[in-house]
Amino acid sequence: MRNAKTILTVIQTRGSQKLPLERLYKLLYNKELYLLAYSKLYPNSGAMTKGATDETVDGMSIKKIEKLIDDVRHERYKWNATRRVYIPKKDGKQRPLGIPTWSDKLLQEVISMILEAYYELQFSKSSHGFRPQRGCHTALSEILTWKGTKWFVEGDISKYFDTIDHDVLLNILSKNILDNRFLRLIDNLLKAGYLEDWKFHKTISGTPQGGVISPLLANIYLNEFDNWVETVLIPKYTKGKRQKSNPEYNKFNHRIAECQANGDFLTARNLKIERRNFPSIDTKNADYRRLRYVRYADDFILGFTGSKQEAEEIKAEIGEWIKANLKLDLSQEKTLITHASTNFARFLGYDIKVQMVDDYVDPTGRRGTNGVIALFVPSSVIEKKCAEYMRKGKPIHIGKLLHDDDFSIVQRFGAEYRGLVQYYLMAQNVSWLYKLHWIMQSSLLKTLAYKHQTTVSKIKKKYEAETVDEKSGKTLKCLKVVVERKDKQPLTAQFGGISLTHKRKTVIDDTPYKVWGGRTELLKRLLADTCELCGSTEDIEVHHVRKLADLKTKGKTEKPVWIQIMATRNRKTLVVCRNCHNTIHNGSLK
């Protein structure tokens, strides 16, 4: 039997050469692929979440994989309906989320690995959502290169994941996958339905949000749109090699040169200052057009250098094409045409604007040229986040955290603040987050002071420390809690200590896409086929816990042996026989 690395490498090679795939269904008989899928899925907390049945990753075994493969081989595997829950959106609405059963997750991950290996190298470079080595920052970095943009076309597809047409998706897949059994398996997955309040509902369109394979199928679907934009729309609205120079700007250049030649440097300096009020290029040149494009999941944005009338035409053409070819609709509320230098476009939580001579200053303090793209933290984002830690305009303590220890409280505040700062470091006004820092730190200090019935100043004096920022080398103040451990490195929780310095460029990992990372420590233990408690070699399976904190039991000073082993290894898994596993769950194992 071929190992997973060989299989996925061959598929990846065929994908890079755009060769069709045949006899794909037989690859689903390979045990190595399921072991790889298991190693990728088990660390996620969602692996312990129940779907429509009680099955979770807990109790995973080689026999389960063999049973699943046997069902697939004889085409008797049936997808379960997903359990539907709702999660809140920023606009107050709710987003449906499907939770598959564990077996469905495992099989979906195997299919996903196969399809990702084949399609990943074929995807457009303009696509950044749900892809290896890509994300929000890579998309924003690309937008920063759109110098001279006059109009932004902000695009959003209405209810995208819910309205993906199954027939269109299968037709797209069938162009390259010449295996009806494999396609039928995906078709059955799409039509498996969902349970809401324990009532079954059919799915006549869409991919199950929350499903392992859904993001990949969504990218395969919209890759058709990416290709159309890049091969048809962009060439249609792109012409001219470069913009013509502005005659008015050139006049200043000649006058400055004459003054410098005559030794009149004061006049030359004044002319240079006056020249800044004029663009160096002819912004009304009808022979120059540029259209650029970036997409993240179902959100996309285009930057256009041209007239507003043409921008309107671009928006109309996009709406017509996705309606006719993908049976999708643009959201009229979110699909906007924005003047790039007078208004902000909103994309991936950033405000985006083209800065002109009068309002752009580069990091060295010098004035820049026209048309530079700038990113900003929206003020509404800061105000909304600050409001979580305030009442009546003042920072307050967080009551729900009073029963946690100091380490956990500081760690939670620090993680929330750090996540927001690191996301918005590309914003020119990232320094505005100093307001959030002050409010969150005040709330943190008040929470700790209330917990210990003391003053804020005493808490600040106790935990205030200094740290050195790795990138800038600056010494910054922070709040730090250190927990000493015997014979181990101390645990540290920190709030703050992050430089709020604008970073126009992000560090992008250019590591080539890999399909295999070797067997994990868990897989080696599982394949050893030996119980780690009693040494038995019969009915071996894996005991999982959602997090190590779940191993703590109040009121018990002496912990069972299995908990001691997991805590010592710092592992959320334990390979055991079925008898030991049952005794763990019924609480009789000591």
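Please read all numbers here as calculations on a predicted model, not as lab measurements. The figures here come from the full heavy-atom set of this structure, side chains too, leaving out hydrogens, waters and symmetry mates.
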### Query
Would you say Asn586's side chain and Asn582's backbone share a donor-acceptor pair under 3.5 angstrom?
yes
### Task
Indicate yes or no: does Arg571 engage Glu521 in a salt bridge with an N to O separation below 4.0 Å.
yes
#### Entry: Residues forming a salt bridge (charged side-chain N to carboxylate O under 4.0 Å, His left out) with Lys50, sequence neighbours excluded
Asp54
### Message
Please determine whether a side-chain nitrogen of the Lys or Arg among Lys40 and Glu109 lies less than 4.0 Å from a carboxylate oxygen of the Asp or Glu.
### Response
yes
### Query
For Phe123, does its backbone N or O pair with a side-chain atom of Ser127 as donor and acceptor, under 3.5 Å?
no
### Query
Going by the angle between their ring planes, with limits at 30° and 60°, are Phe344 and Phe376 parallel, tilted or perpendicular?
perpendicular
### Query
Would you say Thr9's side chain and Lys5's backbone share a donor-acceptor pair under 3.5 angstrom?
yes
### Message
With side chain to side chain contact (heavy atoms under 4.5 Å, CB included) as the criterion, how do Glu466 and Cys478 come out once you've worked through the C-alpha distance, each side chain's angles and the decisive distance to 0.1 Å?
### Response
CA-CA 6 Å; Glu466 290 184 345; Cys478 64; over 6 Å; no
### Task
Output yes when Lys334 and Glu154 qualify as a salt bridge under the 4.0 Å nitrogen-oxygen rule, no when they do not.
no
### Query
Are Glu532 and Arg569 close enough, and set up right, to give a salt bridge (Lys or Arg N to Asp or Glu O under 4.0 Å), and what steps lead you there?
CA-CA 12 Å; Glu532 295 174 343; Arg569 293 178 176 177; 2.8 Å; yes
### Query
More than 12 non-hydrogen atoms from neighbouring residues, nucleotides or ligands closer than 6.0 Å to NZ on Lys460, yes or no?
no
### Query
With no hydrogens and no angle check, do the side chains of His585 and Thr583 hold a donor and an acceptor under 3.5 Å apart?
no
### Query
Quick one: salt bridge (Lys or Arg N to Asp or Glu O under 4.0 Å) pairs with a partner in residues 403-417, sequence neighbours left out?
Lys385-Glu416, Arg412-Glu416
### Aromatic ring pairing Phe152/Trp146, orientation class (parallel under 30°, perpendicular over 60°, tilted between)
tilted
## Note on the structure
ring pair (Phe, Tyr, Trp, His ring centres under 6.0 Å) test vs His437 passes for just one of Phe495, Phe413, Tyr389, namely Phe495
#### Entry: Separation between NZ of Lys462 and CG of Leu445, rounded to the nearest 0.5 Å
12.5 Å
### Query
Can you name the one residue among Arg295, Lys125, Arg131 that meets salt bridge (charged side-chain N to carboxylate O under 4.0 Å, His left out) with Asp226?
Arg295
